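Please read the structure below before turning to the comments.
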Amino acid sequence: RSTTSGSGFTAIATGLSTTSYANTGLTNETTYYYKVSSTGSGGESDLTAEISGKPKAQKYTVKKDGTGDFTVIQTAIDATTDADTVLVYAGTYTENINYNGKNIVVGSLFLTTNDTSYISSTIIDGNQAGSVVTFENGEDATAVLSGFTITNGKAYSGGGINCSGSSPKISYCKIVDNQAFDSWNYAKGAGVYLNNSRAVINQCHISNNESLGSDWGQDAGGIWIGNSAPEITNTVINNNSATWRAGGVFINQVHSSGEYSLFSNVRISNNEAGYPGGVYIYSSSATFINVDFHNNITGGEGGGVEVIFSSDSVIFNSCRIQNNDGAGLQIQASTVKMENTIITDNNNWGINYIGGSADLLHCTLYNNSVNIDNSSILNSLNTIIWGESEGINNNGGTVNSGYSNIQGGWEGEGNIDEDPLFVDAASGNYRLSDYSPAIGAGTATGALDTDIEGNPRPNPEGSNPDMGAYESSL
């Protein structure tokens with residue numbers, strides 16, 4: 001037998017006395033090549049011409065009423081081999097499932113119908129007996145969980161989903177009402193726990209999960225990310241809570257060369273923790289593209305996002321950080337880059353620097369100022385900071401600003417101090433009205449090619465770009 005046509009053949013069976021032989025333990029969807037010989041009193045014959053076969057992946061059904069192949073999801077998983085599919089019919093399955101290293105697809109009827117009602121009607125209930133779903137044996141991106149409500153899990157790490165040393169794809173799931181609990185400390189990731197993982201999470205809703213305990217160390221009501229580089233897209237993370245840090249997301253020690261957590265088209269809102277309410281980034285690299293951070297609540301200073309001891313760059317591109325309790329963004333001994341980002345109406349500073357540096361390029365800050373201490377560096381270009389009597393409160397830090405509109409004024413080439421005349425700031429519309437002094441007042445040197453909505457800059461081509469996150473159509 002060989003997996004290569006014409007070469008690499010090895011004997012898999014000899015001395016057979018029957019006319020048939022079953023070759024088991026093969027990998028689904030892999031082509032195998034065979035040659036056969038026979039042995040008689042005159043010796044062994046020549047090998048036959050090559051023949052081939054490809055084992056087909058199997059589909060198993062799970063139904064509560066007993067009319068499927070199985071009634072228990074885990075029993076179906078145990079029967080599978082790689083590339084198989086477990087199709088789960090609607091109902092509530094009270095169990096805790098483990099993929100056990102199998103790269104298989106487990107999904108509700110959403111898989112075959114695209115009917116999103118099956119996401120809510122196909123429930124895996126962990127009965128507070130551990131993580132509802134576990135990946136811990138090297139599963140890769142071909143291990144898929146799709147179309148379920150994952151609920152009522154309770155574990156030290158990952159009440160809903162625990163993913164350790166594995167990189168599955170999790171899509172179209174509601175991960176709700178789970179707990180990470182430890183009677184002492186260090187409960188992590190009530191909704192999802194990712195450790196040493198490159199998991200992909202897409203089109204999920206992660207909400208109402210709690211990280212609880214009687215002491216300190218309860219982190220990440222929504223998602224805990226450690227030594228991992230996940231990709232999280234088109235997902236809502238809201239109404240989660242943690243006793244200590246990060247009601248929404250905790251990103252911990254993700255700083256290997258080229259590795260970072262990616263969030264794209266995500267909403268992180270109404271999460272609550274001791275600090276910060278939304279996202280806590282510790283000694284990590286992360287990129288946020290078109291992410292909304294709003295209405296997160298903290299008992300500390302960083303309501304929306306807190307970045308600490310992250311010397312590798314943390315990037316915010318086309319994001320909105322708004323209406324958070326506490327500072328919208330708090331930076332401590334870290335490097336942050338912000339492009340086409342809006343920071344408004346946070347219940348403290350828009351940005352609070354406690355050491356580190358930040359680059360603001362084509363950003364709009366309104367109704368919250370920037371606070372800088374004596375070890376911080378702020379680089380501002382083509383940016384608007386307006387709505388407070390002083391746009392920048394500098395306590396001895398370094399400010400390098402050019403071609404920016406800063407209330408109260410600031411030295412630097414091309415800077416202005418004029419009402420930007422937003423279309424309707426009171427209603428959250430920070431586009432520039434036709435007579436805004438910020439139109440064409442930026443510099444093309446170092447400018448971005450598009451604005452927060454993807455419109456080209458500058459407009460018209462060949463002119464100077466506008467200040468702020470939006471490029472005017474004029």
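No experiment lies behind these values; they were computed from the predicted model shown. Values reported hereafter were calculated over all heavy atoms of this structure, with side chains retained and with hydrogens, waters and symmetry mates removed.
- Counting heavy atoms from C-beta on, the side chains of V200 and I170 never come closer than 4.5 Å.
- Between F250 and Y280, the ring planes are tilted. Angles from 30° to 60° get that label.
- Within the 4.5 Å cutoff, the side chain of I175 has heavy atoms near those of the V192 side chain.
- Of all the heavy atoms in N100 and E139, the pair that sits closest is N-OE2, 3.5 Å.
- Side-chain N/O atoms of N227 and N196 include no donor and acceptor closer than 3.5 Å.
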Requested in this report: Assess whether side-chain hydrogen bond (donor to acceptor under 3.5 Å, both in side chains) is satisfied between N295 and N323, documenting all intermediate values.
Outcome: CA-CA 5 Å; N295 295 107; N323 298 105; 5.4 Å; no
Query raised in the report: Can you check salt bridge (Lys or Arg N to Asp or Glu O under 4.0 Å) on R431 and E453, steps first, answer last?
Result: CA-CA 11 Å; R431 294 172 180 82; E453 295 182 319; 2.4 Å; yes
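- Looking at heavy atoms from C-beta onward, F293 lies in side-chain contact with F288 at the 4.5 angstrom threshold.
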Requested in this report: Assess whether side-chain contact (heavy atoms from CB on, under 4.5 Å) is satisfied between T113 and Y118, documenting all intermediate values.
Outcome: CA-CA 9 Å; T113 67; Y118 286 112; 3.6 Å; yes
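- Using a 4.5 Å heavy-atom threshold, the side chains of V133 and I150 count as touching.
- Annotation for Q74: atom CD counts as buried by contact number, over 12 foreign heavy atoms lying within 6.0 Å.
- Between the side chains of N271 and N240, at least one donor-acceptor pair of N or O atoms lies under 3.5 Å.
- Side-chain contact of N395 with D373: a donor-acceptor pair under 3.5 Å is absent, judged by distance alone.
- In this structure, a donor-acceptor pair under 3.5 Å is present between the side chains of S117 and D115.
- Looking at heavy atoms from C-beta onward, K102 lies in side-chain contact with D82 at the 4.5 angstrom threshold.
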Requested in this report: Take M338 and L329 through the test side-chain contact (heavy atoms from CB on, under 4.5 Å) and record every step on the way to the result.
Outcome: CA-CA 11 Å; M338 311 194 79; L329 170 64; 3.6 Å; yes
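- Taking the six-membered ring where the residue is Trp, the centroids of Y366 and W386 are separated by 6.0 Å or more.
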**Report entry** Working for side-chain hydrogen bond (donor to acceptor under 3.5 Å, both in side chains), residues N162 and S164
**Finding:** CA-CA 6 Å; N162 186 314; S164 299; 2.9 Å; yes
Query raised in the report: Yes or no on side-chain contact (heavy atoms from CB on, under 4.5 Å) for F148 and I119, after CA distance, side-chain angles and deciding distance?
Result: CA-CA 5 Å; F148 292 99; I119 299 172; over 6 Å; no
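- No hydrogens or angles considered: a donor-acceptor pair under 3.5 Å links the side chains of N352 and Q330.
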Query raised in the report: For T149 and V176, what are the C-alpha separation, side-chain angles and deciding distance, and is it a side-chain contact (heavy atoms from CB on, under 4.5 Å)?
Result: CA-CA 7 Å; T149 294; V176 298; 4.0 Å; yes
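- Among W244, Y156, Y193, the one residue that satisfies the ring-ring contact (aromatic ring centres under 6.0 Å, His included) test with W224 is Y193.
- At a cut-off of 3.5 Å, with distance as the only test, no side-chain donor of D345 or Q322 sits close to an acceptor on the other residue.
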Requested in this report: Determine, stepwise, if the pair S310 / S284 fulfils side-chain hydrogen bond (donor to acceptor under 3.5 Å, both in side chains).
Outcome: CA-CA 5 Å; S310 296; S284 295; 5.3 Å; no
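- Side chains of E413 and N415 form no contact here, defined as non-hydrogen atoms less than 4.5 Å apart.
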Requested in this report: Show your working on salt bridge (Lys or Arg N to Asp or Glu O under 4.0 Å) between R198 and E259 and close with a plain yes or no.
Outcome: CA-CA 10 Å; R198 291 173 178 79; E259 295 286 300; 2.9 Å; yes
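- Under the 4.5 Å side-chain criterion, counting only non-hydrogen atoms from C-beta, N346 is not in contact with T344.
- Considering only heavy atoms from C-beta on, T287 comes within 4.5 Å of I289 through its side chain.
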Requested in this report: Quick one: do K188 and D219 satisfy salt bridge (Lys or Arg N to Asp or Glu O under 4.0 Å)? Show the steps, please.
Outcome: CA-CA 5 Å; K188 298 180 178 71; D219 297 332; 5.7 Å; no
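- Taking both residues in full, the closest heavy atoms of T341 and F316 are given as OG1-O, 3.4 Å, listed atom of the first, atom of the second, then distance.
- Considering all non-hydrogen atoms of both residues, S380 and S404 come closest at OG-OG, 2.9 Å.
- Residues N239 and N270 bring no donor and acceptor atom of their side chains to less than 3.5 Å of each other.
- Using bins of under 30°, 30° to 60° and over 60° for the plane-to-plane angle, the ring pair Y172/F110 lands in the tilted bin.
- The side chain to side chain donor-acceptor pair (under 3.5 Å) with R457 is formed by just one residue from the set D466, N340, N382; it is N340.
- Here the closest heavy-atom approach between residue E418 and residue N405 is recorded as O-ND2, 2.6 Å.
- Between the side chains of N98 and E136, at least one donor N or O lies within less than 3.5 Å of an accepting N or O.
- In this structure, S108 and L87 approach most closely via the heavy-atom pair O-CD1, 3.4 Å.
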